[in-house]
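Remarks on the structure that follows.
Order of the sequence lines sets the chain letters (A, B, ...), proteins ahead of strands, with each chain counted from 1.
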Amino acid sequence: MSNEQLEPRAGARSVDSPCPAAGDKLPERPIHITRKMIIMGATSSRDWQPIHHDGEWARERAGLPDIIMNNYTQAGWLSQYLTSWSGPRARIARIKFSMRSPLCPGDYAVLRGEVASVIDAEAVLWVELSLAIQVGERVATTASAKIALPCGQQSSPWQLSGAAWRP
Amino acid sequence: MTSIPEKIQHWIGKPVISLASVMTVEQGLWLNYCVAVEDGNPLYWKPAGEVDGMAPIAPPAMLPSWMIDHEWSPDPEHQPLRTLELHFKLKDELGLPFGVVTAVELEFHEPVRAGDRLRAEQVLLDVSDEYQTRMGPGRRWSIAVHYYHQNEALAGVQTLHFVSYRKDGAP
């Protein structure tokens with residue numbers, strides 16, 4: 001893969017960035033959750049459950065405060081948050097998350113993350129992170145993730161396969 | 001406490017539901033998802049051929065979406081598959097009509113690209129004995145969905161953890 005063609009976005013890590021260390025905090029990412037965002041996330045992930053697009057159904061049939069963000073969209077936000085920090089040459093191995101309370105239209109959410117551990121495997125750095133989506137003091141979603149970061153210009157986690165790829 | 005029925009015990013550890021491909025992966029479809037979560041990762045956006053040595057990939061978090069059947073079909077006889085058929089079978093067999101996902105785990109292997117057609121297997125990992133949930137009698141269970149490429153390479157595994165229940169007073 002050509003590094004020139006995969007320039008990291010502003011604020012992202014690059015191959016020249018210092019190795020992450022346990023305890024490093026990721027920059028916070030605020031999200032104003034809108035009705036359009038929830039419905040677009042549900043429909044683009046092909047999730048047609050009415051709790052994700054029909055407010056009346058969500059309130060009256062499911063007892064929810066409003067439509068709620070589906071799990072595929074939450075996975076997408078977590079993924080976006082990770083690679084916005086890591087840069088596009090990183091490869092996500094695993095994401096695990098628990099939805100503790102719903103994300104609804106009008107919520108001002110903040111994505112937060114912290115490096116939990118780093119293992120240098122020569123070809124790549126395996127980085128484990130803890131993540132959360134919070135609305136004010138309320139923790140809506142807790143998550144953990146494992147990603148592989150490149151070690152230097154010639155390294156690419158995308159070249160790992162078989163037993164070398166250990167999600 | 002009610003133990004696990006024999007029929008359900010036989011399901012544990014086996015692919016109970018196998019799903020054939022329902023659609024072809026397309027970049028135009030996954031870019032709608034990227035827009036929804038404001039993800040500008042160039043690996044997803046570059047047109048085919050512009051990322052040297054690597055065709056664009058679909059956002060990994062979207063993996064399960066490629067196995068969700070179309071809501072409508074030109075064939076009036078077509079019955080869309082339920083998204084997680086094994087979960088619904090368990091609810092029916094165990095008389096627990098309500099269920100919520102408590103945790104989701106996504107493990108990614110061979111990336112998914114435009115033109116791929118995936119298939120999936122749903123494996124029951126575990127089922128608890130019946131116990132009193134906050135909502136009524138219920139059980140916990142876990143299901144792993146294995147997603148495979150057309151060449152049988154593993155694309156990823158989605159593991160879902162559920163609590164299902166019936167409301168107090170229901171039989």
Mark yes when over 12 heavy atoms from residues, nucleotides or ligands other than [X] sit less than 6.0 Å from its [atom1]; otherwise mark no.
X	atom1	answer
R61(A)	CZ	no
K36(A)	NZ	no
H78(B)	NE2	yes
E6(B)	CD	no
Y108(A)	OH	no
E71(B)	CD	yes

**OP:** Select one option (side chain, backbone, both, neither) describing which atoms of R166(A) are under 4.5 Å from chain B's heavy atoms.
**Re:**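 No part of R166(A) comes within 4.5 Å of chain B.
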Original post:
For R100(A), is it the side chain, the backbone, both or neither that has a heavy atom under 4.5 Å from a heavy atom of chain B?
Top reply: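 Neither part.
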Among [options], which has the most heavy-atom pairs under 4.5 Å with chain A?
options	answer
V37(B), V35(B), L29(B)	V37(B)
A61(B), C34(B), S65(B), P64(B)	S65(B)
I68(B), N32(B), V100(B)	I68(B)

Side-chain heavy atoms under 4.5 angstrom apart, residues restricted to Ile, Leu, Val, Met, Phe, Trp, Tyr: same cluster for [X] and [Y]?
X	Y	value
L19(B)	V112(B)	yes
L84(B)	I8(B)	yes
L94(B)	I4(B)	yes
L125(A)	I95(A)	yes
M37(A)	L64(A)	no

Heavy-atom distance under 4.5 Å to chain A: side chain of [X], backbone, both or neither?
X	value
M67(B)	neither
L63(B)	neither
T83(B)	side chain
F98(B)	neither

Original post:
Going by heavy atoms in the side chains, are Y33(B) and S45(A) under 4.5 Å from each other?
Top reply: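 Contact flag for Y33(B)/S45(A) side chains = yes.
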What's the spacing between [X] [atom1] and [Y] [atom2] if we round to 0.5 Å?
X	Y	atom1	atom2	result
N41(B)	L82(A)	CG	CG	11.0 Å
T83(A)	D39(B)	OG1	CG	5.0 Å
W158(A)	L43(B)	CH2	CG	5.5 Å
S79(A)	M62(B)	OG	CE	12.0 Å

Original post:
Any idea which of P167(A), A42(A), A143(A) has the most non-hydrogen atom pairs under 4.5 angstrom with chain B?
Top reply: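 Heavy-atom pair counts peak at P167(A).
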**OP:** Could you check which of R91(A), M99(A), K146(A), R46(A) has the highest count of heavy-atom pairs closer than 4.5 Å to chain B?
**Re:**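 Most heavy-atom pairs within the cutoff with chain B belong to R46(A).
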Original post:
Does any N or O in the side chain of W48(A) come within less than 3.5 Å of the main-chain N or O of H70(B), such that one atom is a donor and the other an acceptor?
Top reply: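 No, the answer is negative, given that no donor and acceptor are paired below the 3.5 Å cut-off.
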Subject >> Minimum heavy-atom distance F108(B)-R94(A), with the two atoms named >> reply: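 Nearest heavy atoms, F108(B) then R94(A): CD1-N, 4.3 Å.
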